[in-house]
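Labels below follow one simple rule: chain letters A, B, ... track the order of the sequence lines, proteins then strands, and each chain is numbered from 1. Just the heavy atoms: all of them, side chains too, but no hydrogens, waters or symmetry mates, feed the values below.
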Number of protein chains: 2
Amino acid sequence: MRSVFQDELDNVSQSLVDLTAMVSASMTKATTAILSCDLKLAEEVIATDVKIDDYQHETDSRIIDIIARQQPVASDLRALVTALRMGSDLERMGDLAHHVAKVARLRHPNAAVPPELVSIIQAMGVAAVAITEKTGVVIATRDTQMALEIERDDDVMDDLHRKLIAVLIEPTWKHGIETAIDLTLLGRYYERYADHAVSIARRVYFLVTGEYAS
Amino acid sequence: MRSVFQDELDNVSQSLVDLTAMVSASMTKATTAILSCDLKLAEEVIATDVKIDDYQHETDSRIIDIIARQQPVASDLRALVTALRMGSDLERMGDLAHHVAKVARLRHPNAAVPPELVSIIQAMGVAAVAITEKTGVVIATRDTQMALEIERDDDVMDDLHRKLIAVLIEPTWKHGIETAIDLTLLGRYYERYADHAVSIARRVYFLVTGEYAS
């Protein structure tokens, strides 16, 4: 028979999966907003960030309450502490989607992303969402093979980031410094977003195997 | 008479204060390295980052061990969970000092920072170190007034960051896109570094007062 404690752990895990879905939706919308200069969508992402923060805080409080009431030790305690950390990673991923949306809003009605960089930013957006969905599955299933896959997915993001910077420093770049600054920061936001997904995957891997993913 | 538990909490607090000192030393050196093109110093900061990470992991393990053995509830448990989070903030501040040092190493023997931006980066370095030292005092003393001061110190950093971007987008900027990209990222590293100090200050404020700093 399943214990109340086990049900509580599962609920926490489900809340983290819910958070990945919220964060993934935000990043999808933020990418669309910045590529199609959609101010309404950008505003929607910016407004949603508070909801993500609230949901994370609520999950955090619940985790601390479980620790206080159930007084878990060993692997159960580690799982709960890890859940707190994964919540922080997800909350930060939401912030980064929010940062992307803020660049879209700042430059509206102009396009923040010049035509020759649209395909790279689009690919970064797709990579970000794919990695977040996989992160949700890893949290739900504790699949260590998939956790390792996320490390490789991050290499795709890093590669796109390098390509982005390479376009910015081409002698033919004609969009000026301000656009280059925007794109440098946008590139950084997507890259950091994926880093947090990797961080979650590593935490799950460590929780299951007791070893660090190499 | 003081309890064993109270001593353990004090030791955790002292470890976090030690971490602020390590992080502060790293950022001081990273700023000197980038302003004086000092490769040896940059390498030293890069090497030290592992020590900061190890010290944080060791502190984390100790905190989890205290929770498992002492099974604290209410404010004691909250203090320990907050200590875990402050450790993460400090570890990330160490990463950001490490990022600054990596830009210095990447551009060596050239200067990453052109002459007209030296004073701003120097001021960001000074602000970063001042805010870290104050963060150490806030962790040690739980002084809520000083915690609020850190919010204002962060305004100084944000102001410097705005000045930095303003110089980059001046029509007279003559150092090209690659240098502008470096400076955009450097600005972001200092700004995020200070944000983590603010985050620690807010955590202490909340722990003491039960309210969010406004």
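Note: Trp173(B) CH2 to Glu178(A) CD = 14.0 Å, rounded to the nearest 0.5 Å. The CD1 atom of Ile181(B) lies 4.5 Å from the CG atom of Leu168(A); values are rounded to the nearest 0.5 Å. We find the OG1-CD1 distance between Thr82(A) and Ile64(B) to be 7.0 Å, quoted to the nearest 0.5 Å. Distance check, rounded to the nearest 0.5 Å: CG of Leu185(A) to CG of Leu185(B) gives 7.0 Å. Here CD of Gln70(A) is found 11.0 Å from CD of Gln71(B). Values are rounded to the nearest 0.5 Å.
Contact annotation for Leu84(B): only side-chain heavy atoms (C-beta onward) come within less than 4.5 Å of a heavy atom of chain A. Of the atoms belonging to Leu77(B), it is side-chain heavy atoms, and not backbone ones, that fall under 4.5 Å from chain A. Only the side chain of Arg85(B) comes within contact range of chain A, with at least one heavy atom under 4.5 Å from a heavy atom of that chain. The contact between Ile67(B) and chain A is made by backbone and side chain atoms together, counting heavy-atom distances below 4.5 Å.
With chain A as partner, the option from Asp65(B), Ile63(B), Asp76(B), Asp60(B) having the largest number of non-hydrogen pairs under 4.5 angstrom is Asp60(B).
Sparse packing is recorded around NZ of Lys102(A), with 12 or fewer heavy atoms of other residues, nucleotides or ligands lying under 6.0 Å away. Within 6.0 Å of the CZ atom in Arg142(A), the count of heavy atoms belonging to other residues, nucleotides or ligands does not exceed 12.
Taking every heavy atom of both residues into account, Gly176(B) and Ile177(A) meet most closely at O-CD1, 4.1 Å. When all heavy atoms of Val73(A) and Ala68(B) are compared, the closest pair comes out as CG1-O, 3.6 Å.
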